[in-house]
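These notes are about the structure you will find just below.
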Amino acid sequence: MSLQDDPLIQEIKSRLNEEIKRTSDWIANGSASTFEEYKKQCGKIIGFNAAIVVIDEAIENFTKDDDD
Amino acid sequence: MEQEAEYNLGEPDIDFILQAVSTAKAQGLTPEQMLDPAELAVYQGFIKKNDRQEPNEHYANLVDMLDDTVLDRLAGDVINWVRWDEESRRDWSQRESEGIRALGVSDKVSGGADFEGSSKVVHPLLAEAIIQFHARAMAELWPPEGPVKSIVLGDKTPERLAQAERVQDYMNYLYTEDMPGAFEEEDKLLFRIGLSGSCFKKVYYDPIVKKLCSRLIEPADFIVPFSATDLETAPRYTHRYREMHNTVMKKIANGYYTKPRKLSDPNNETYEYPEVKDEIDHTEGRQRVGMDDQRHTLLETYVDLDLPGFEDKKEGRLTGVALPYIVTVNRDDQEVLRIQRNWKPTDENKNSKVCVSHYGFMPGLGFYYYGLLHLIGGLATSATGSIRALLDSAMFYNMQGGYKSRDARIKGGDAPIAPGEWREVDSSFEELKKAFFPLPYKEPSEVLFKLLGYLDERGQKLIGTTDVMTGDANPNAPVGTTLALIEQGGKNFSAVLRRLHTAHRNEFRIVARLNSEYIPEEGYPYYISKGNKNIFPADFDDRIDVIPVSDPNIISNSQRIVQAQAVMDLAEKHPDKVDITEAIKMMLQAIRIPNYEELTKVNEQLAQLQQKAQMLDIQIKEAELSKINAEKEKTDAEKTESVLRGMFTATQTANLVATNPLIAPMSDSLFKSAGGKDYNGLPLIDMTQANPMQLKQNTSPGFPANPEQINNAQPAPEQPLEPISPEQGANAGIETQRNETLQ
């Protein structure tokens, strides 16, 4: 079983995507009453996305080291 | 049988007895059970002797621990050795006396005719050679900063370099400040080497002044056996010196000398004055009148001895090896004053310590070196004879004499005519001519004059004096030519300088060893121009070597200057390959500029300032770069914020549109005009084709016409109105920018 298929990793990524979606919906609904609040929610989305990218890169590097 | 008889008559062999005792002990027997009475007596005597308490201090005086019989025999031996050794070098002594005479200082110089009024002039060939050698050697061996240089043996760590600096500073301080008479003794030594060839320096710790001393020993007072070829292999050597009665008393009082049974009145001493000493006194124009100098004659002999009670042992058994001692004997009373061990306490091999350095001019065939008196003494005597003959001849020629007839009638009798005088006579010119007959004296011989020049030239050539060294060189000659001339002319002197360099190094090593023995463990403070310093005995370990500051490859300062000039030329021509600052330093050092480091500091300060300016320049550029980067970041942030603000506005608008779908076309138009893009490809209303009149300004409350309006608008309610659904807004033509990563 590859690390990508690991249930824990899958769960973390799923939770992150869920958060991203929920925040996006919240923004799309026009829930941000001020620009500051809107910026904060956008930052959260970017942060969650960055976390998913970091996890993917770490898994890729880890797998590559193992192969070497 | 014969061997057995001899064995029975002789004393039992201690080695045999010790072996027997060892066997007995292995068998559980006592020596008393194993040995017969005679053997037991010898064994017990041996044990008693070897259990004898030795002095705590290794270098203590051993005289009190020896029997008087042993001491008397030893005193007699030392005096006899000195007498024999003196006798064996009688010819050398005579030649030394002649050499001193040839120097021309006394009136006893031989050469030329000896009659009343004869010339007594002495050719200065020998004196000139010695003076030149002395001056050149002194300049090279003893610069004003001191004669010692230290070098680090092995890795040059900061700790070792600091140790080497401490050793060098202290040694130079010793030689220039703290060692009584060091410079004066060196001065005399170089003169005597030039003259006699051999001279000695003794370095020792003086128990009265509590300091290290470096003393010149004249060759007449340093006596070695006939067979000796060098100090290291000589069976013994003796320093004869005369010590003030009061100094002897002081040394007895502080325990350095043992109190003798008898100490004769020094005025009644029977000192056998060496012939050379008489000659020296004569040159100085003084003579002994009575014996009131209150001095005793002492003989300090360095010799290997097998002293009873102090025999060499290995694993408890006698080896029969004689050990090195220093024996001091009062020659007048034939009594031993001191016996001291002469090996290091830590030296298992018990090798003799040499505390005398032999300085030599030119190696001879035996122990003594040859000096200028041996090398050009004959030439100097011949030159003196020649110059005297020339002067005598000139005198006879200028003031001629001859025969005079009794008939000549001259007023004033035989009185010689004074210069410019015209004396009256009663005779005619013819009569006068007949009355006098001058002897045929000739003018000074041209051949003899040339011969004198030849002798002088040969002498100068031998001592290696060239025009370059006497200041008569061609000032326009190239540097290379001058250097070659100096080196060629100074080859003889270079070899002598190398010998002196080696002897100096030996002396410095003796001083370093004595420092390691006599400097207190807690250190010895001293004060020099660099500040307050402290030296420790451990500083003089095997990691640091002390050598003379002189360079045996450089024979004169002119050579050093010419070399520095050559380096300067190279540095000017090739500044990328030769460091000009170092070349300047070398030149300043060569021309002996005091504190030249201060001058070079100007350059160093300038270099430091330039370096600082460069650093500042770099820092300014870095700061400018940081500013540009910061400005770029600020612009990027502003741009991002602007985009974000646009998106926020669009979202808000979307919500308005969702609540009021009729304004959707206008919103699309506005969105497109603001640069928005439809990613779903749904056709937006083409504003160019749309009737501008249709694009009316939305005047409904809360519509954000521009970002400022948004900012100035009333704050949104805590929970904004929930739209029907986001999809409805999108279907109505409102499209917000999408983030691809959201997919």
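Just the heavy atoms: all of them, side chains too, but no hydrogens, waters or symmetry mates, feed the values below. Lettering of chains follows the sequences in order, A, B, ..., and the numbering in each one begins at 1.
Counting non-hydrogen atoms of neighbouring residues, nucleotides and ligands closer than 6.0 angstrom, the CD atom of A:Q4 exceeds 12 such neighbours. The environment of B:D155 atom CG is sparse: at most 12 non-hydrogen atoms of other residues, nucleotides or ligands sit within 6.0 angstrom.
Rounded to the nearest 0.5 angstrom, A:N29 CG and B:N655 CG are separated by 7.5 Å.
With sequence neighbours excluded, the residues forming a side chain to side chain donor-acceptor pair (under 3.5 Å) with B:R543 are B:Q163, B:D541, listed by chain and number.
Applying the ring-ring contact (aromatic ring centres under 6.0 Å, His included) definition to pairs two or more places apart or across chains, none involves residues 609-631 of chain B.
In this structure, B:T651 and A:I27 approach most closely via the heavy-atom pair CG2-O, 3.1 Å.
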Notebook entry, point to check: Would A:F35 and B:T649 count as a side-chain contact (heavy atoms from CB on, under 4.5 Å) if you check the C-alpha gap in whole Å, the side-chain angles of each, and the deciding distance to 0.1 Å?
Noted result: CA-CA 9 Å; A:F35 179 59; B:T649 309; over 6 Å; no
